[in-house]
Amino acid sequence: MRPQVCYDLRFPLWSRNASTPEGEMDYDLLFYIASWPASRVTAWDALLRARAVENLSYCVGVNRVGEDGNGVSYCGHSAAYGFKGEDIIQSGESAKISIVELSGKELVDYRTKFPAWKDADGFSIE
């Protein structure tokens, strides 16, 4: 699992899922905890899905709901996406608790059938 904060979502290289030549990936689940404003929630939705697809991993984003002390509104949109970008769960604009089951076997099978990780360049952040 790779935990990140909301601002990291805008920088795909910070969440890059590196691999070994044998196909072992750094993580299977990318997890964002966020205070992402309602005014930019369309980007939140799109970028969470993109991080799942480009990293061949599950991606979960948990965002706050309500208004902060500065009058900034937050509308939730907490979500979980599968490694192909499919919706697993969407919270909408309400505060709620959700439980999802993720399949490690399905993830490994997909990475085996679609080994896009083999074509990634050797870029790293040091």
Side-chain angles (χ1 to χ4, degrees):
M1 180 175 147
R2 175 166 293 166
Q4 303 238 285
V5 296
C6 52
Y7 192 64
D8 296 337
L9 185 58
R10 290 195 174 272
F11 304 96
L13 291 176
W14 294 355
S15 62
R16 182 164 233 188
N17 200 355
S19 64
T20 66
E22 297 78 31
E24 291 293 319
M25 307 297 279
D26 282 347
Y27 61 85
D28 298 329
L29 171 66
L30 186 55
F31 184 85
Y32 291 92
I33 188 77
S35 288
W36 196 283
S39 62
R40 295 189 295 273
V41 76
T42 303
W44 165 259
D45 294 339
L47 293 172
L48 282 173
R49 185 184 309 272
R51 296 298 86 84
V53 172
E54 71 196 7
N55 290 296
L56 296 170
S57 73
Y58 292 102
C59 185
V60 173
V62 178
N63 192 30
R64 68 185 288 183
V65 175
E67 189 173 300
D68 68 16
N70 296 314
V72 178
S73 294
Y74 303 89
C75 65
H77 281 235
S78 295
Y81 294 98
F83 42 87
K84 295 186 274 185
E86 71 278 15
D87 292 350
I88 294 175
I89 195 162
Q90 299 283 332
S91 72
E93 297 187 5
S94 62
K96 65 181 182 180
I97 296 172
S98 300
I99 298 172
V100 299
E101 187 172 321
L102 307 175
S103 172
K105 180 184 180 333
E106 288 178 19
L107 175 60
V108 170
D109 288 350
Y110 183 72
R111 287 175 176 167
T112 301
K113 284 186 348 190
F114 183 67
W117 51 269
K118 289 182 178 181
D119 295 324
D121 60 28
F123 184 87
S124 66
I125 297 174
E126 297 186 27

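Quick caveat: nothing in here was measured; it's all calculated off a predicted structure.
- The closest side-chain heavy-atom distance from Ser57 to Met25 is not below 4.5 Å.
- Considering only heavy atoms from C-beta on, Trp117 stays 4.5 Å or farther from Asn55 through its side chain.
- There is no path of hydrophobic side-chain contacts, each under 4.5 Å, that joins Val53 to Ile89.
- Of the residues Tyr7, Trp36, Tyr32, the one that meets the ring-ring contact (aromatic ring centres under 6.0 Å, His included) test with Trp44 is Trp36.
- Between the side chains of Tyr74 and Glu93, no donor-acceptor pair of N or O atoms lies under 3.5 Å.
- Nearest heavy-atom pair across Val62 and Ser78 is CA-OG, 3.4 Å.
- Tracing side-chain contacts under 4.5 Å through hydrophobic residues (I, L, V, M, F, W, Y), one reaches Ile33 starting from Val100; they form part of the same cluster.
- Residue Lys96 comes nearest to Gln90 through the heavy atom pair NZ-O, 4.1 Å, listed as atom of the first residue, atom of the second, then distance.
- In this structure, the side chains of Leu30 and Gln4 come closer than 4.5 Å at one or more pairs of heavy atoms.
- Side-chain atoms of Arg51 do not come within 3.5 Å of backbone N or O of Val60 as any donor-acceptor pair.
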message: Working note: Tyr81 + Tyr58, criterion ring pair (Phe, Tyr, Trp, His ring centres under 6.0 Å); need CA distance, chi angles, decisive distance, verdict.
response: CA-CA 6 Å; Tyr81 294 98; Tyr58 292 102; over 10 Å; no
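- Looking at Tyr27, its side chain does come within 3.5 Å of a backbone N or O of Ser15 through a donor-acceptor pair.
- Residues Lys84 and Tyr110 are in side-chain contact: their nearest non-hydrogen atoms beyond the backbone lie under 4.5 Å apart.
- In this structure, the side chain of Asn17 engages the main chain of Asp26 through a donor-acceptor pair within 3.5 Å.
- Using a cutoff of 4.0 Å between basic side-chain nitrogens and carboxylate oxygens, Arg111 and Asp28 are scored as salt-bridged.
- Proximity of Ser19 to Glu24: side-chain heavy atoms (C-beta onward) are nowhere separated by under 4.5 Å.
- Comment: Asp45 does not engage Arg49 in a salt bridge, judged by the lack of any side-chain N to carboxylate O separation of less than 4.0 angstrom.
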